[in-house]
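Written below as structure tokens is the structure these notes are about.
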Amino acid sequence: MADSSFFDESRDNSLVKAEIVAKYFWAWAKVIIPTAKKWSNKIAYIDLFSGPGRYKDGSKSTPLLILERAIADPDMSQMLVTLFNDKDSDNTQSLQQAIQSIPDIGRLKHTPIVLNKEVGEEIVQAIQQINNVPTLFFIDPWGYKGLSLGLIGAVIKDWGCDCIFFFNYNRVNMGLPNVSVDKHMNSLFGQERANALREQLKLKQPYERELVIVEEISQALKEIGGNYVLPFCFKTDTGTRTSHHLIFVSKNVRGYSIMKEIMAKESSSTEQGVPLFEYNAATQYQPLLFELSRPLDDLENMLLHEFAGQTLTMEEIYNQHHVGKRYISKNYKEALRKLEQQGKIIVDPDASKRRKYKGEITFGEQVRVTFSPK
């Protein structure tokens, strides 16, 4: 059997990962379906490393969650095309059996396709031929073989096509200095970037390597058109080291904003209510002094500096500022409420004219904020 260690991972990590993908699929589909009805009347979900359908602990993996959601939705059940692939024939047989056992699977207009192929240039070329079908791609190799910039570029080329992929930081970190896997690392980062990265890492401490590697893959993705990149970190069971990242890449800021909210809710920890965009099972047993870091205070200062002399709505402030930062909408509302209380901004309508919700004065998206000049 091929390497299937991913499906042996901890129940917590596997469930969180599957939930992030399934929740985004649902939100993505609801946005895409109205426009897709005017085109091919199809949307697609493609999983190139789909695995056996269930984790070793019995919990459902992403393919089953996606199909169950599609069956329950009248539009999706008639529009969704699914393709699941795995090079391990044991996995594809197991997945096929799991799919057939789903109650009411016959409600789907398009029968799920299960393939048993190695992911390589042939699949990249096949994907490049798909046109005008909005597609969510999930690329989840256990290591890095088959994962390339060419593949990701092919899957996000058209409107409505987003990609979520598994980035095995541990294996990539070990693979970069290993000449025997140069070909795979060059495919993943691009040869020029990979060579520069190898040199850069020679001078970095272990704790710095992760930041550098994740930054470089993010920049590489932006260069192929993935303007909006969002990594979510998973820690090992001890909470001391990173095991891998789930990376979202899109050409559309709306998709980015939706995924940001989903990942924020799945984060195991926050600092002043600002999500860390990581899942660390150890934090429930080892509480950290998160208040030593005050990211909400930093946001207040950024807003005063960057929007000095301007008048904007809360929605405009959020849209112009949040990309590339870990702040979500509610963080901006909280920061603006605090600045209003401190008299550092002028708000229209002011707090006395806005309604309360659960004892707290609301800060709607169309509330206008005037910042003092520098």
Side-chain angles (χ1 to χ4, degrees), residues 7 11-86 91-115 130 132-140 155 159-166 232 246 248 250 252 254-266 279:
F7 294 95
R11 177 177 174 82
D12 286 347
N13 276 3
S14 65
L15 288 176
V16 170
K17 187 181 303 176
E19 277 298 308
I20 288 174
V21 178
K23 286 178 180 178
Y24 183 75
F25 165 76
W26 182 260
W28 167 85
K30 289 298 183 183
V31 172
I32 294 295
I33 281 174
T35 302
K37 284 182 176 180
K38 302 173 186 177
W39 291 7
S40 62
N41 203 39
K42 293 179 181 177
I43 63 171
Y45 177 82
I46 297 179
D47 187 338
L48 296 178
F49 300 84
S50 56
R54 289 184 181 271
Y55 296 94
K56 290 295 185 182
D57 64 9
S59 58
K60 298 170 185 175
S61 62
T62 314
L64 300 189
L65 294 176
I66 296 294
L67 292 172
E68 288 177 349
R69 293 202 177 209
I71 290 167
D73 183 89
D75 283 333
M76 219 177 294
S77 64
Q78 298 304 299
M79 296 177 68
L80 181 65
V81 177
T82 52
L83 187 153
F84 305 106
N85 176 74
D86 200 287
N91 281 347
T92 54
Q93 290 173 18
S94 175
L95 177 59
Q96 188 74 66
Q97 291 172 359
I99 290 173
Q100 291 171 352
S101 68
I102 297 175
D104 298 319
I105 188 66
R107 288 185 183 176
L108 296 179
K109 179 179 179 179
H110 304 284
T111 302
I113 299 167
V114 180
L115 299 180
I130 299 173
N132 298 325
V133 179
T135 305
L136 178 61
F137 290 85
F138 186 36
I139 305 174
D140 203 347
V155 304
W159 175 84
C161 292
D162 291 342
C163 179
I164 305 168
F165 70 95
F166 174 87
F232 186 93
L246 200 62
F248 171 78
S250 177
N252 190 288
R254 187 172 182 186
Y256 174 88
S257 299
I258 291 170
M259 179 58 96
K260 199 175 197 182
E261 295 290 335
I262 291 169
M263 287 183 170
K265 290 178 181 177
E266 296 296 334
Y279 183 78

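Below, each value reflects all heavy atoms present in this structure, side chains not excepted, and no hydrogens, waters or symmetry copies.
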Find out whether [X] and [Y] are in side-chain contact, i.e. whether some heavy atom of one side chain is under 4.5 Å from a heavy atom of the other.
X: T92; Y: L115; answer: no
X: I164; Y: L246; answer: yes
X: I99; Y: L64; answer: yes

In Å and rounded to the nearest 0.5 Å, what is the [atom1] to [atom2] distance from [X] to [Y]?
X: W26; Y: M76; atom1: CH2; atom2: CE; result: 4.5 Å
X: M79; Y: K42; atom1: CE; atom2: NZ; result: 10.5 Å
X: I66; Y: K60; atom1: CD1; atom2: NZ; result: 12.5 Å
X: R254; Y: D162; atom1: CZ; atom2: CG; result: 12.0 Å
X: L15; Y: E19; atom1: CG; atom2: CD; result: 7.5 Å
X: L48; Y: F138; atom1: CG; atom2: CZ; result: 10.5 Å

Nearest heavy-atom neighbours spanning [X] and [Y]:
X: F166; Y: K17; answer: CE1-NZ, 3.2 Å
X: F248; Y: M263; answer: CB-CE, 4.2 Å
X: L95; Y: G53; answer: CD1-CA, 3.6 Å
X: I32; Y: P134; answer: CG2-CB, 3.4 Å
X: S40; Y: N132; answer: OG-O, 3.4 Å
X: S61; Y: S50; answer: OG-O, 4.5 Å

Donor-acceptor under 3.5 Å ([X] side chain, [Y] main chain):
X: S94; Y: N91; result: no
X: D86; Y: G51; result: yes
X: T135; Y: F137; result: no
X: W28; Y: G160; result: yes

**Report entry** Residues, nucleotides or ligands: over 12 heavy atoms within 6.0 Å of K30 NZ
**Finding:** yes
Requested in this report: Quick one: do Q78 and N41 satisfy side chain to side chain contact (heavy atoms under 4.5 Å, CB included)? Show the steps, please.
Outcome: CA-CA 9 Å; Q78 298 304 299; N41 203 39; 5.9 Å; no
**Report entry** Mutual orientation of the aromatic rings belonging to Y45 and F84 [parallel < 30°, tilted 30-60°, perpendicular > 60°]
**Finding:** tilted
Query raised in the report: So K23 and R69, side chain to side chain contact (heavy atoms under 4.5 Å, CB included) or not? Walk me through it.
Result: CA-CA 10 Å; K23 286 178 180 178; R69 293 202 177 209; 4.2 Å; yes
Requested in this report: Before giving the answer on side chain to side chain contact (heavy atoms under 4.5 Å, CB included), spell out for V31 and I258 the whole-Å C-alpha distance, their side-chain angles and the decisive distance to 0.1 Å.
Outcome: CA-CA 10 Å; V31 172; I258 291 170; 3.9 Å; yes
